[in-house]
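Below: one structure, written as structure tokens.
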There are 2 protein chains.
Amino acid sequence: MVLDEAATSRADVPAAKTKKQRQTEVAKHRICDAVVDCLDEFGYAETSIKRVQARAGVSRGALTHHFPSKEEMMVETVERLLQPARPKSGVLKASSAEKDLLKLWARVVDTKEGRALVEILVAARTDKGLHARISPGLSRYNDGFNAEVVRLYESVDLDDGDVATLWTICRVFLRGLHMQERFDAKPGHTAKIMKRFAEIIGPHMRPREVE
Amino acid sequence: MVLDEAATSRADVPAAKTKKQRQTEVAKHRICDAVVDCLDEFGYAETSIKRVQARAGVSRGALTHHFPSKEEMMVETVERLLQPARPKSGVLKASSAEKDLLKLWARVVDTKEGRALVEILVAARTDKGLHARISPGLSRYNDGFNAEVVRLYESVDLDDGDVATLWTICRVFLRGLHMQERFDAKPGHTAKIMKRFAEIIGPHMRPREVE
DNA sequence: ATATAAACAGAACGTTCGGTCTGTTTCAAG
DNA sequence: CTTGAAACAGACCGAACGTTCTGTTTATAT
């Protein structure tokens, strides 16, 4: 949904001229989409190459050709997931921190792509190789996110550094909520907790005056 | 550290009279300790039976004898982990919610046992069989925890239900912080975030007057 | 038009996993 | 003392995994 067809054409790369290049791009796109599906549906441990292959509808050879290893496949998937999830993409509107936080949960975190990303993150905690590969991109994303929120908000209690801290707290909470969601069958429960949290942390930030 | 040698003797079960029973208890204890070690050190995915066996210093046959399946092994480990982690054990003192929260993090969550428990929890999200087995114990623990905090605290803003909600938020946050800790190399960072969070949510609860 | 390399297909490989199975030793009840 | 079951030891098994390898097709550069 975030990575729809339109996204392919508006790629930052010179847009794939030759047919072979287009083939490759399409194949990789299909495969990474399948990875996201599998991660969301089965979790990292159960996302085997065979399963991805079947879901993507490509042969074993094709998959191996584009991604020589599973790690490679995951790395590229993470990069694709990180790209549209940027706060720049317009999720944060700075009407109020409380509203933005709820929006961030609903539109970014609590989505198929958000859940898939967390699956990889969780796996990377204990997989050193994977961790090393995705760390740079993750840091870049976090830095960009922090810069964005500092630009949009100011702390009620302290300095600008506190805004970054507060949003880090929010990110940590959202990740924790993610874990809990897979346990709690009750659907309303998560929303209730999310709402109360936003209510509590929201007042500690205020939107900056537009210049 | 929570499950030290002393803990073995003060068991709630009639304390294992016959030698065979004692042997079994010792073996199981050694194995579950090894499971905890491996989970903390390598994560769930890398915690194979072979690894546990090696760490515990028992033969494959012995391990299989006491735990016919890996799932069985994990279930018993969870039960042992949940036992001493009870809030009843005296972690919460109700001097202030802020202090109790920091204590909860340092003495329960951010320990070898706490990390091991989260590993199993995370794995159980996508492992239906394991999930079904540990759910009851987990619910019991959560209920006990909620009852305890409601007994100790009252909400500043709302009713008693809110106290449970607030502490659920805390638990969610702690779980999220756990994830983040394995990424952030900087040691002080986690403590800083933890402190700020406690500072924010603490004032929403107040200790009940002692009766 | 032809050569070359990429895209693709699928068989084959070695490893590791969890589980089972066959023995041997040790304890305790009768 | 004998007997049976539990504690223990380790070999064995089939399945699944990720990777590697050998072909075949297809597109593009010369």
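The chains referred to below are lettered A, B, ... by the order of the sequence lines, with proteins before strands, and numbering in each begins at 1.
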Contact list (N/O, under 3.5 angstrom) for nucleotides 28-30 of chain D vs protein:
residue, atom, partner, partner atom, Å
D:dT28, OP1, A:Thr18, OG1, 2.6
D:dT28, OP1, A:Lys19, N, 2.5
D:dT28, OP1, A:Lys20, N, 3.1

Residues passing the salt bridge (Lys or Arg N to Asp or Glu O under 4.0 Å) test with A:Arg30, sequence neighbours excluded, are none
Extract from the structure each pairing of a protein N or O with an N or O of nucleotides 13-17 of chain D at less than 3.5 Å, listing the distance.
none

A:Ile49 side chain reached by A:Arg60 side chain, heavy atoms, under 4.5 Å: yes
Estimated bend of the helix from C:dA1-D:dT30 to C:dG30-D:dC1 (axis per five terminal pairs, rounded to 10 degrees): 0°
Which residues pass the salt bridge (Lys or Arg N to Asp or Glu O under 4.0 Å) test with B:Lys20, sequence neighbours left out? none
Do B:Glu98 and B:Met205 have side-chain heavy atoms sitting under 4.5 Å apart? no
Taking only residues two or more places apart in sequence, or in another chain, which ones meet A:Arg133 in a side-chain contact (heavy atoms from CB on, under 4.5 Å)? A:Glu71, A:Glu72, A:Val75
Checking B:Arg51 now: which residues fulfil side-chain contact (heavy atoms from CB on, under 4.5 Å) with it, not counting sequence neighbours? B:Cys38, B:Phe42, B:Glu46, B:Ser48
Expressed in angstrom and rounded to an integer, what is the separation of A:Glu25 atom CD from C:dA7 atom C1'? 15 Å
Give the rounded distance in Å between these two atoms: CG of A:Leu130 and C1' of D:dG18. 15 Å
Roughly, in whole Å, what's the span from CG in B:Asp127 to P in C:dG18? 12 Å
Classify the ring geometry between B:Phe197 and B:Phe173 as parallel (under 30°), tilted (30 to 60°) or perpendicular (over 60°). parallel
Across all chains, not counting sequence neighbours, the side-chain contact (heavy atoms from CB on, under 4.5 Å) partners of A:Arg171 are A:Asn142, A:Phe145, A:Asn146, A:Thr168, A:Arg175
Over all atoms of both residues, closest heavy-atom pair of A:Arg107 and A:Thr111: O-CG2, 3.5 Å
All side-chain contact (heavy atoms from CB on, under 4.5 Å) counterparts of B:Thr24, not counting sequence neighbours: B:Lys28, B:His66
If I take atom CZ in residue B:Arg51 and atom C1' in nucleotide C:dG18, what distance separates them, rounded to the nearest angstrom? 16 Å
Enumerate all atom pairs, one protein N or O and one N or O from nucleotides 8-10 of chain D, separated by less than 3.5 Å.
residue, atom, partner, partner atom, Å
D:dC8, OP2, B:His66, NE2, 2.6
D:dA9, OP2, B:Ser59, N, 3.4
D:dA9, OP2, B:Ser59, OG, 2.9
D:dA9, O5', B:Ser59, OG, 3.3
D:dG10, N7, B:Gly61, N, 3.2

Provide the full list of ring-ring contact (aromatic ring centres under 6.0 Å, His included) pairs with a residue in residues 112-136 of chain A, sequence neighbours left out, each pair given once. A:His131-B:Phe183
Look up atom OG1 in B:Thr190 and atom CD in B:Glu181, then write down how far apart they are to the nearest 0.5 Å. 4.5 Å
Checking B:Glu79 now: which residues fulfil side-chain hydrogen bond (donor to acceptor under 3.5 Å, both in side chains) with it, not counting sequence neighbours? none
